[in-house]
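Encoded as structure tokens, the structure appears first; notes follow it.
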Amino acid sequence: MSGLEIERKFLVKKGGAYKRAAYASSHIQQGYIPADGATVRVRVRDEQAFLTIKSRSVNGGMTRYEFEKEITLDEAHHLLQLCKGGVIDKHRYLVRSGDHVFEVDEFHGDNDGLVMAEVELSDEAEDYEKPDFIGPEVTGDVHFYNSHMLTNPYSSWKELVPEEYR
């Protein structure tokens, strides 16, 4: 897959309502290979693996070019050895809301306690219905980039997040 990715990110309220609303879940581990001008991600999601390259954002984090290709698990495990700073570990829950699917990520390890949701859109101005558990938007805030959380984990700045979301 390649093309423009348009997504918005949000904090998620405590309480686990997203788990009760989810129709599917998966375990994800991902790392990042150092690259100038792009983000190169290696991801293992249950029994599938992907290599993804994303450009820098052109509008505050909402839109950027994305290239993604499925790779073998063996290739992913080798590429994860090239990743710098460790691996992001999380569970992802898929929640339908209107015509969209919200991907809710519950982080583990040094990012334990952080729960974020994102929704992909076909247009930056597209309307969408937010589930009740969705909180403030954090699109474009570098703190909430998975690649940033490897070197600046949530555990070191969680006090910046309102209590009802941590």
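- Look at Glu68 and Arg43 and you find no salt bridge, because none of the NZ, NE, NH1 or NH2 atoms lies under 4.0 Å from a carboxylate O.
- Distance alone, capped at 3.5 Å, is enough to place a donor-acceptor pair between the Ser55 side chain and the Tyr65 backbone.
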field: Step-by-step side-chain contact (heavy atoms from CB on, under 4.5 Å) determination, Val42 to Leu82
entry: CA-CA 10 Å; Val42 179; Leu82 300 175; over 6 Å; no
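- Contact check for Leu11 versus Leu114: side-chain heavy atoms found under the 4.5 Å cut-off.
- Closest of all the heavy-atom pairs between Ala22 and Tyr93 is CB-CB, 3.8 Å.
- Between Gly31 and Cys83, the shortest heavy-atom contact is C-SG, 3.4 Å.
- In this structure, the side chains of Gln30 and Lys90 come closer than 4.5 Å at one or more pairs of heavy atoms.
- With a 4.5 Å cut-off on side-chain heavy atoms, His91 and Ser25 do not count as touching.
- Between Ile53 and Ala38, the closest heavy-atom pair is CG2-CB, 4.1 Å.
- Residue Leu73 is not grouped with residue Phe50 when hydrophobic side chains (ILVMFWY) are merged at heavy-atom distances under 4.5 angstrom, including chains of intermediate members.
- Remark: side-chain polar atoms of Thr139 are paired, donor with acceptor, to backbone N or O of Lys9 under 3.5 angstrom.
- Rounding to the nearest 0.5 Å places CZ of Phe102 at 7.5 Å from CZ of Phe133.
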field: Intermediate values then yes/no, side-chain contact (heavy atoms from CB on, under 4.5 Å), Asp89 and His27
entry: CA-CA 8 Å; Asp89 187 26; His27 181 236; 2.5 Å; yes
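- With values rounded to the nearest 0.5 angstrom, Lys158 atom NZ is found 9.5 Å from Glu163 atom CD.
- When side chains are defined from C-beta on, Glu106 counts as touching Lys19, because their heavy atoms get closer than 4.5 Å.
- At a threshold of 4.5 Å between non-hydrogen side-chain atoms, the residues Tyr165 and Lys13 count as touching.
- Between His148 and His143, the two ring planes are perpendicular [angle over 60°; tilted spans 30° to 60°].
- Pairing each heavy atom of Asp46 with each of Ser26, the nearest pair is OD2-CB, 2.9 Å.
- The number of heavy-atom neighbours closer than 6.0 Å to CD of Glu47, taken from other residues, nucleotides and ligands shown, is 12 or below.
- Expressed to the nearest 0.5 Å, how far OG1 of Thr72 lies from NE2 of His78 amounts to 8.5 Å.
- For the ring pair (Phe, Tyr, Trp, His ring centres under 6.0 Å) with Phe144, the lone residue among Tyr154, Trp157, Phe10, Phe107 that qualifies is Trp157.
- Here the straight-line distance linking atom CZ of Arg8 with atom CD of Glu124 works out to 9.0 Å at 0.5 Å rounding.
- A donor-acceptor pair is defined here as one N or O able to donate and one able to accept, closer than 3.5 Å; no such pair exists between the side chain of Asp105 and the backbone of Met116.
- With rounding to the nearest 0.5 angstrom, the CG atom of Asn152 is 10.0 Å from the CG atom of Asn111.
- Counting heavy-atom neighbours within 6.0 Å of Asp123 CG, excluding the residue itself, gives a total above 12.
- Taken to the nearest 0.5 Å, the OG1 atom of Thr39 stands 10.5 Å off from the CD atom of Glu66.
- Follow the hydrophobic side-chain contacts under 4.5 Å out from Leu160 and you reach Leu150 in the same cluster.
- Looking at Leu51 and Val40, their side chains come closer than 4.5 Å, going by heavy atoms from C-beta outward.
- Of all heavy-atom pairs between Ala117 and Ile134, the closest is CB-CD1, 3.5 Å.
- Residues Arg166 and Glu159 are not paired through a salt bridge, judged by the lack of any N-O separation under 4.0 Å between the basic side chain and the carboxylate.
- Within the 4.5 Å cutoff, the side chain of Arg56 has no heavy atoms near those of the Arg64 side chain.
- Gln48 contributes no side-chain N or O that, together with a main-chain N or O of Arg45, makes up a donor-acceptor pair within less than 3.5 Å.
- Of all the heavy atoms in Val44 and Ala76, the pair that sits closest is CG2-CB, 3.8 Å.
- The shortest side-chain heavy-atom distance between Glu120 and Ile6 does not fall under the 4.5 Å cut-off.
- Residue-environment remark: NZ (Lys14) exceeds the threshold of 12 foreign heavy atoms within 6.0 Å.
- Residues Val142 and Val138 do not share a hydrophobic cluster, defined by chaining ILVMFWY side chains whose heavy atoms lie under 4.5 Å apart.
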